[in-house]
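Let me begin by presenting the structure, written as structure tokens, before commenting on it.
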Amino acid sequence: MACMSAQIEQPYAYLHRELVEPDWTRFVGWKDVTVQQWEDVQWQRVHCIRNIKQLKALMGDLLTEDFYADLERDQQERATMSMLLPPQMINTMVSEQSWLDGRMPLAGEEFTRAFYADPVRRYMLPVFSDRRTDWPSHPYATRDSLHEHAMWVAEGLTHRYPTKVLAEMLPTCPQYCGHCTRMDLVGNSTPQVTKLKLAGKPVDRHTAILDYLRTTPSVRDVVVSGGDVANMPWKNLEAWLDKLLDIDNVRDVRLATKALMGMPQHWLAPDVVEGVARVAAKARARGVGLAIHTHVNSAESITPLVSKASRTMLEAGIRDVRNQGVLMRGVNDSSQQLLDLCFALADDAMITPYYFYMCDMIPFAEHWRMSLADAQHLQHSIMGYLPGFSTPRIVCDVPFVGKRWVHQVDTYDTERGISYWRKNYRTSIESEDVDVTSAEYVYYDPIDTLPASGQEWWTQHAAQVAPDAHEAASAKAAASREASVAQLVD
């Protein structure tokens, strides 16, 4: 039988795409920036865009005044995170348009339309017209939607899973994402959200975290996060990691940093590379798995510098670099977008696609969130294209439970968008008399994705939800924080 040479047509056509570092000099504000400046982490930090005035100075006449008015209204009425965009990240917005294909530069209304549609812009620089006006927030949205503060066993240390903890080392990042699940604590206050503050001194908080780990041998896995560890001075982070690696029961350490993508210059700085090599050598000698977990939501964000940073970390001794993205409408809500991203991660950056989380139920996030049914469909549609170890799981971070694969749902009322989940362990706030294997935990779909009957039910039901739910959640989080600080003092 003759060999068939013709390719079988598939729903998704794989094509390896060469990575390109977009030309930042296309922006008038960076027209004289040199390669040396661009690749310097201090230059990147100093030239982050923090307000509309700086954005206008960067863009020149590329954007219309209507866009800036849209952005300003969002900053005043909806934004849960303040504006902070590194040059590296802005440079990936509208990067495949006119400048890379030889056409005349876009400007004004044409560029503005492209900017509105850009997936990176949609979650890093949200505007008022992005948000929903029918259901801007879900009735059960809360500031600390995962109730992490309620599970603090020391200030900043969440013990939710039996063998794993999350250490929030600091409350800042090199960039602020509009959908941030820790919007209650991370970043600067906005007109809509007065942020909670970590009360203890950093050295006292970090010591208390180590003390808890030394006296809790059931914990073997530590996620070191924040905020973003890239905002912690490396010498301070390395000193803390050195002590962490002296704890016998710690077997896995994960450094959480979106900056590997948003500011790869940090992870390419010589002092950081040399320090990572020292920490990795100690981890390897102890048989501890040391990994970096980053956060990339769009294929456009993967550039040669991001690839270089990831490969440099692996060469320095990091065992794995993995990606934990967030599933969002208008950003990565199709199998084409997800697979393009996964192949960009795996092919050139040597980053393992690991998880995509459903967007959490924080205020003003309904335009980003997807229904569980849509997430299940996406999980099905991406299967079979990637190696099994690089096929990401789409998960729902269920309040009071944690990560659950979207197909692990116990029961699902698709009319009202209410899903019920179970778990097989207790969190740090549940006593032994709680039968966690029988209890049901709830997650809610965005109401606008429901059939008309379901939307009508929520219209009636929403009136029964306490109008001060957000304030009550904030008070509860503050009380939890105060209790953990009191434990620290004792």
Side-chain angles (χ1 to χ4, degrees), residues 138-153 156-168 179-185 216 218-223 225 252 254 256 293 295 322 324-328 354-363 365-366 368-376 378-379 392-414 416-446 465 469 472-473 476-477 480 484:
H138 194 279
Y140 287 111
T142 59
R143 291 170 48 129
D144 179 19
S145 63
L146 301 181
H147 309 287
E148 289 179 333
H149 296 172
M151 300 178 200
W152 277 2
V153 290
L157 184 64
T158 300
H159 192 170
R160 174 164 52 170
Y161 302 100
T163 63
K164 300 181 283 187
V165 295
L166 166 71
E168 296 174 77
H179 65 279
C180 182
T181 188
R182 297 196 181 102
M183 48 73 61
D184 197 41
L185 178 68
T216 313
S218 61
V219 174
R220 62 172 305 284
D221 185 352
V222 182
V223 178
S225 183
D252 274 296
R254 294 178 266 172
H293 282 198
H295 177 184
R322 309 182 186 110
Q324 296 185 163
V326 174
L327 201 63
M328 287 180 283
Y354 180 43
Y355 280 134
F356 281 99
Y357 287 79
M358 295 180 67
C359 189
D360 292 318
M361 292 176 55
I362 59 167
E366 293 306 276
W368 283 310
R369 293 204 309 122
M370 295 175 63
S371 70
L372 176 63
D374 285 339
Q376 290 173 333
L378 277 175
Q379 180 72 87
R393 281 195 172 186
I394 298 177
V395 294
C396 181
D397 210 341
V398 183
F400 296 111
V401 177
K403 293 183 294 293
R404 282 293 181 268
W405 186 33
V406 291
H407 285 88
Q408 283 184 286
V409 63
D410 195 59
T411 56
Y412 184 17
D413 179 347
T414 56
R416 297 176 179 178
I418 305 174
S419 51
Y420 299 89
W421 307 76
R422 297 183 186 275
K423 63 179 179 178
N424 57 334
Y425 49 80
R426 293 182 178 85
T427 63
S428 58
I429 61 173
E430 289 163 320
S431 61
E432 292 184 4
D433 59 354
V434 176
D435 184 2
V436 293
T437 60
S438 298
E440 289 186 321
Y441 302 85
V442 185
Y443 184 83
Y444 302 96
D445 286 348
V465 180
K476 184 176 181 181
S480 172
S484 68

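Both backbone and side-chain heavy atoms feed into the values below; hydrogens, waters and symmetry mates do not.
- Annotation: side chain to side chain contact (heavy atoms under 4.5 Å, CB included) contacts of T163 (sequence neighbours excluded): R220.
- With sequence neighbours excluded, no residue forms a side chain to side chain donor-acceptor pair (under 3.5 Å) with Y444.
- Counting heavy atoms from C-beta on, the side chains of V223 and H293 never come closer than 4.5 Å.
- Partners of T411 according to the side chain to side chain contact (heavy atoms under 4.5 Å, CB included) rule, which considers only residues two or more places apart in sequence or in another chain, are Y420, E440.
- Note that CG of L372 is 11.5 Å distant from CG of D413, once rounded to the nearest 0.5 Å.
- Using a 4.5 Å heavy-atom cutoff, the side chains of L146 and R182 are not in contact.
- Pairing each heavy atom of C359 with each of W368, the nearest pair is SG-CB, 4.2 Å.
- Counting all heavy atoms, side chain and backbone alike, L166 lies closest to S225 at CD1-CB, 3.6 Å.
- Taken to the nearest 0.5 Å, the NE2 atom of H138 stands 13.5 Å off from the CG atom of D360.
- By the side chain to side chain donor-acceptor pair (under 3.5 Å) test, S145 is found to be paired with no residue, residues two or more places apart in sequence or in another chain being considered.
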CA sep, side-chain torsions, deciding dist, call: V409, W421, side-chain contact (heavy atoms from CB on, under 4.5 Å):
CA-CA 5 Å; V409 63; W421 307 76; 3.7 Å; yes
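- To the nearest 0.5 angstrom, R393 atom CZ is 10.0 Å from Y354 atom OH.
- Taking both residues in full, the closest heavy atoms of D144 and A150 are given as OD2-N, 4.3 Å, listed atom of the first, atom of the second, then distance.
- Here the side chains of E168 and W152 are in contact, with some heavy-atom distance below 4.5 Å.
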Residues 394-407, side-chain donor-acceptor partners within the protein, below 3.5 Å, at least two apart:
unit_1 : atom_1 : unit_2 : atom_2 : d
D397   : OD1    : R160   : NH1    : 3.1
K403   : NZ     : Y161   : OH     : 3.3
R404   : NE     : R422   : O      : 3.2
R404   : NH2    : N424   : OD1    : 3.4
W405   : NE1    : Q379   : OE1    : 2.9

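- The closest side-chain heavy-atom distance from H159 to M151 is not below 4.5 Å.
- By the salt bridge (Lys or Arg N to Asp or Glu O under 4.0 Å) test, K164 is found to be paired with no residue, residues two or more places apart in sequence or in another chain being considered.
- For S438, the side chain to side chain donor-acceptor pair (under 3.5 Å) partners two or more places apart in sequence, or in a different chain, are D435.
- Heavy atoms only, all atoms of each residue included: Y412 and A373 are closest at OH-N, 3.1 Å.
- Between M370 and L378 the shortest side-chain heavy-atom distance falls below 4.5 Å.
- At least one side-chain heavy atom of H149 sits less than 4.5 Å from a side-chain heavy atom of L185.
- Every residue two or more places apart in sequence or in another chain was checked for a ring pair (Phe, Tyr, Trp, His ring centres under 6.0 Å) with Y441, and none qualifies.
- What you find for M358 and A375 is that their closest heavy atoms are SD-CB, 3.9 Å.
- Of all heavy-atom pairs spanning R143 and I362, the tightest one is O-CG2, 4.3 Å.
- For the side chain to side chain donor-acceptor pair (under 3.5 Å) test, residues two or more places apart in sequence or in another chain that qualify with R369 are E366, Y443.
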